[in-house]
Amino acid sequence: MVETNSGSPGDRRLSSWKEIAAFFGRDERTVKRWETVRGLPVRRVPRGTRSSVFAYQRELEDWLHGATPAIAEAAAAESQAANRLTVALASLAVILALSLGVAVTWFNVIGPPVNIRPSHVPPAQAAALYQQGVVDWNSRTAIGFDHALSEFNKATEIDPQFAAAFAGLANVYNLLSQYTDAPAADSYAKGKAAAEKAIALEPGLAEGYAALGFNSFYAGHEFVRSAELFDKARALEPNSAQTLHWAALTGMHMGAFDRPLELISRAQQLAPDSRVIAANKALILFHAGRADEAIAGLNSLRQASPDYLATPSYLASIYFALGRYEPFLDAYQQATEVADDNAQLSVAARARQGYAEGGGDGLLKAMLDEQLTQYRAGAMPAYTVAITAARSGDFAGALDLLEAAVAHGESGIIAMRIEGAFVPLYTDARFRALLTKVGLPLPS
């Protein structure tokens, strides 16, 4: 930034990277990165060296409180960088948790960081921790979540009235068990408590209601309440890509797709560079019966972002449902290699062997045999195996597995209503009883 003579009387001047970093409570490397990708208002001494910098405290505080329009774009850039660095640790943990172990992950959103509410101005250090926490939790990696929890917790320790930081904690806890080995019940309970704390501190905070809506849907299966909470969040902040995306995905699980497509399309307009919104829009298109559009969208995303390793998982799930086994095997193999999951790698190998020896029927038989072996060893969820059983025509076995999945509260059961493999079971009394138990609407 070029030197100017601005700076109001009494405005403190910070005369080095060290002082600027100390102001935020961060290291020098972090604030230098913020200048490059997030527009941190740092000035340079005329004819000085690159390291001869200074900044005005008031401008730094304004930047923290949302005055810099580049923050959203920078957060997305930092998020993508974090994904590239650490995706091998956890990027496909949730993706491989539902169908086939390759899955349809509908609830991981990367959007711009939310603005800090003007009704409460936190101390500069707390605000800096909050902004970094938003970037870190949007990375959707185990390391990112760990950093975000630390940053949001520190922000709330500095400022116990900082509602947005509690909403940030809720967002992390809501996704934690989907990407790590954290127990779901404990994580969701902490997410609910943090979201309720955010709303209690600031009843007008949209992010608090969105986080609670997510929690009510996926943890509590309180579908009506969840929809009401998302409506409240959207009324408070109509242009939140995160809220629109989550509302779209929860609506999709109910088996109606026009409104979810409208919501996620709006989210994509607000966050056009979000790879995960683009991918999840493709999934909604697929479930709406527009498979060609879904595949085209995912292949386009794969070309534009070859390092976005979720894409082959989505494609594998779609190709499997369509019975297009050759592209399925390629996409499935890539996804399972990235996940480095021994159980899934074994299934992929058996599936390829089965296809070579017996075509589609051989693939299904080999997959089901290996998945049952892994399930009995405790290495694969029942819901995953139920899909393959249903695709193989073993509907009695699929129902047995679904009953086990519901009894154990597996995360995949939330998709029972829209999983194409279970359409032949729509009139089956056992299947309808399971839908009712989960709280999902019965198909007509």
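We number each residue from 1, following the sequence as shown. Source: prediction; values computed, not measured.
The residues Glu419 and Arg391 are annotated as salt-bridged, a charged nitrogen and a carboxylate oxygen being separated by less than 4.0 angstrom. Electrostatic pairing of Arg259 and Glu262 counts as a salt bridge here, judged by a charged N lying under 4.0 Å from a carboxylate O. Ionic pairing of Arg432 and Asp428 is not present here: no N-O contact between side-chain nitrogen and carboxylate oxygen is shorter than 4.0 angstrom. Classification of Arg430 and Asp400 as a salt-bridged pair holds, one side-chain N sitting under 4.0 Å from a carboxylate O.
Asn215 contributes a side-chain N or O that, together with a main-chain N or O of Tyr188, makes up a donor-acceptor pair within less than 3.5 Å. The main-chain N or O of Pro203 is found under 3.5 Å from a side-chain atom of Tyr209 such that the two form a donor-acceptor pair. The backbone N or O of Pro183 lies less than 3.5 Å from a partner atom in the side chain of Ser187, making a donor-acceptor pair. The main-chain N or O of Tyr383 is found under 3.5 Å from a side-chain atom of Glu410 such that the two form a donor-acceptor pair. Side-chain N or O atoms of Tyr332 include none that pairs as donor or acceptor with a backbone N or O of Ala351 at under 3.5 Å. Under the 3.5 Å distance criterion, the side-chain polar atoms of Ser226 are left unmatched by any main-chain donor or acceptor of Glu222. No donor-acceptor pair closer than 3.5 Å links the side chain of His245 to the backbone N or O of Ala241. Side-chain atoms of His287 do not come within 3.5 Å of backbone N or O of Phe257 as any donor-acceptor pair.
The environment of CG in Asp369 is crowded: more than 12 heavy-atom neighbours from other residues, nucleotides or ligands sit within 6.0 Å. In Glu326, the CD atom is not crowded: 12 or fewer heavy atoms of neighbouring residues, nucleotides or ligands sit closer than 6.0 Å.
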>> Pair Asp146, Trp137 - check side chain to side chain contact (heavy atoms under 4.5 Å, CB included), show working.
In response: CA-CA 8 Å; Asp146 186 58; Trp137 87 265; over 6 Å; no
> What do the steps show when you test Asn153 against Leu129 for side chain to side chain contact (heavy atoms under 4.5 Å, CB included), and what is the final call?
Replying inline: CA-CA 9 Å; Asn153 275 315; Leu129 287 163; over 6 Å; no
>> Under the criterion side chain to side chain contact (heavy atoms under 4.5 Å, CB included), I'd like the reasoning laid out for Val406 against Met416: C-alpha separation, chi angles, the key distance, then a yes or no.
In response: CA-CA 10 Å; Val406 171; Met416 279 197 302; 4.2 Å; yes
> Yes or no on side chain to side chain contact (heavy atoms under 4.5 Å, CB included) for Arg352 and Gln333, after CA distance, side-chain angles and deciding distance?
Replying inline: CA-CA 9 Å; Arg352 191 172 292 278; Gln333 182 70 32; 3.9 Å; yes
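Here the side chains of Leu169 and Leu149 are in contact, with some heavy-atom distance below 4.5 Å. Between Val385 and Leu368, the closest side-chain pair of non-hydrogen atoms falls below 4.5 Å. Using a 4.5 Å cut-off on side-chain heavy atoms (C-beta onward), Leu364 and Phe320 make contact. Proximity of Lys281 to Ser265: side-chain heavy atoms (C-beta onward) are separated by under 4.5 Å at one or more points.
In this structure, Phe328 and Tyr325 have perpendicular ring planes: the angle between them is above 60°, well past the 30° mark. Classification of the Phe431-Phe422 ring pair by plane angle, with boundaries at 30° and 60°, yields tilted.
Between the CZ atom of Arg417 and the CE atom of Met252 there is a distance of 12.0 Å, given to the nearest 0.5 Å. In this structure, CD in Gln374 is found 5.0 Å from OG in Ser346, a value given to the nearest 0.5 Å.
Across all non-hydrogen atoms, the minimal contact from Pro260 to Gly251 is CG-C, 3.7 Å.
You'll find the ring centres of His221 and Phe223 inside the 6.0 Å limit. Residues Phe162 and Tyr130 place their aromatic rings such that the two centres sit under 6.0 Å apart.
In this structure, Arg225 fails the cation-pi test against Phe217, since its NZ or CZ atom is not both closer than 6.0 Å to the six-membered ring centre and inside 45 degrees of the ring normal.
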